[in-house]
2 protein chains.
Amino acid sequence: MTSPQRRSNCPLAFALDLFGDRWSLLVLRDLVFAGKRRFSEFAASPEGIATNVLSDRLRRLEEAGLLRREPDPEDGRKVLYSLTETGFGLTPALCELVLWGLDQQPPGTPGPPAQLVEALRKDRDGAIAALRRKHFG
Amino acid sequence: MTSPQRRSNCPLAFALDLFGDRWSLLVLRDLVFAGKRRFSEFAASPEGIATNVLSDRLRRLEEAGLLRREPDPEDGRKVLYSLTETGFGLTPALCELVLWGLDQQPPGTPGPPAQLVEALRKDRDGAIAALRRKHFG
DNA sequence: TGGATCGATTGCGAAGCGCAAGTGAAAAGT
DNA sequence: ACTTTTCACTTGCGCTTCGCAATCGATCCA
């Protein structure tokens, strides 16, 4: 098993090879911001990812080391997904993308919890540190 | 002509609908960091984008208002692409993705100019301000 | 006028997508 | 014990997008 070849030595191209599609970062979002941990929770997000695509993305992200997959010790049917430190490292990028997206829509448009948006805007690094604590204590 | 429907009211999903693929952000990268302005320059990047895909991405990014397209006044064959303020607004996100990508590879791996990387690491906002000046005076 | 350049478009096979239905293992219900 | 439900996928299918090579029309240059 040889790791797939890189398109170039650009770190951005490397990143896009791992999650440059319309779904991967939404799964990361659900993990980072919403604290979701299970297949059915990701599937229930309003964007409506197809289950075959979700299954594929979870596998790829696990292979890439961005998340961890483990059986739920209390229920043999369930699987728990969680962020790795590497995966959480994308949080600053996610935040910038969210802030950019917010700036593109007229104020008042429904979106993420106002409290989170507020925190991100006035103290980005503090908000990220708070998220880190939530995930890693 | 009605604008395509959004998958959700999430600003990240909105962003990914515009450039959530393996190529769009590389075109933005070439504009923001390399100062490329012409079709053939984008096509010459080491990742080797196919010309039909490049043509499509330039069209989409222009439609989305991230870049501008104008004929070269000095050569009727040529077209000049340039960043809009909206497109440049993605620079912080690009930088975070680049920094993340850099952290995933062993030090010493070839990549972007060391001077840019240095500047991004120790004064991200200053580096972005310098890029802004380069594009908008 | 003939050839080169530029920014595309076209054609084609392969890969990936969205959607709906189905599967197997494990838990819950009776 | 046995049936039903839940859960995390997997499968099948038609459609879209992809990568790749060839080609195109318009424009510039000799």
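Lettering follows sequence order; numbering is per chain, from 1.
Regarding Asp75(A), its CG atom lies at a distance of 13 Å from the P atom of dC9(D), rounded to whole Å. One can place NZ of Lys78(A) at 11 Å from C1' of dA26(C), the figure rounded to the nearest angstrom. When the C1' atom of dC6(C) is taken as reference, atom CG of Asp72(B) falls 11 Å away, rounded to whole Å. Rounded to whole Å, the distance from CG on Leu58(A) to C1' on dC7(D) is 14 Å. Rounded to whole Å, atom C1' of dC17(C) lies 15 Å from atom CZ of Arg22(B). Leu54(A) has its CG atom 11 Å from the P atom of dG18(C), to the nearest Å. Distance, Trp23(A) CH2 to dT16(D) P: 17 Å, rounded to whole Å. In this structure, Arg38(A) atom CZ and dA26(C) atom C1' are separated by 14 Å, rounded to whole Å.
The side chain of Val53(B) lies closest to dG19(D), out of dC9(D), dC7(D), dG19(D).
In terms of phosphate contacts, Arg59(A) brings a side-chain nitrogen or oxygen within less than 4.0 Å of OP1 or OP2 of dT10(D). Contact annotation: Tyr81(B) side-chain N/O to dC6(C) OP1/OP2 distance is not under 4.0 Å. A close approach under 4.0 Å does occur between a side-chain nitrogen or oxygen of Ser40(B) and OP1 or OP2 of dG7(C).
Within the 4.0 angstrom heavy-atom criterion, no nucleotide atom of any strand lies near Arg7(B). At a threshold of 4.0 angstrom between heavy atoms, the contacts of Thr51(B) include nucleobase atoms, whether or not backbone atoms are also involved. Backbone-only contact: Arg57(B) has heavy atoms under 4.0 Å from sugar-phosphate atoms and none from a base. Residue Phe42(A) is out of contact with every strand shown, counting any heavy-atom pair closer than 4.0 Å.
Between Phe39(B) and Glu74(A), it is Phe39(B) whose nearest contact on DNA chain C lies nearer the 5' terminus. Between Asp21(A) and Arg77(A), the residue anchored closer to the 5' end of DNA chain C is Asp21(A), taking for each the nucleotide with the nearest heavy atom. The nearest heavy atom of DNA chain D to Val79(A) and to Asn52(A) marks one nucleotide each, and the one closer to the 5' end goes with Val79(A).
For the pair Arg29(A) and Glu47(A), the salt-bridge criterion is met [side-chain N within less than 4.0 Å of a carboxylate O].
Judged by distance alone, the side chain of Thr84(A) and the main-chain N or O of Gly65(A) form a donor-acceptor pair under 3.5 Å.
Note on ring orientation: taking the six-membered ring where Trp is involved, the planes of Phe136(B) and Phe88(B) are perpendicular (angle over 60°, cut-offs 30° and 60°).
Between Phe42(B) and Trp23(B), the distance separating the two ring centers is not shorter than 6.0 angstrom.
Taking a 6.0 Å sphere around CD of Glu70(B), one finds it holds more than 12 heavy atoms contributed by other residues, nucleotides or ligands.
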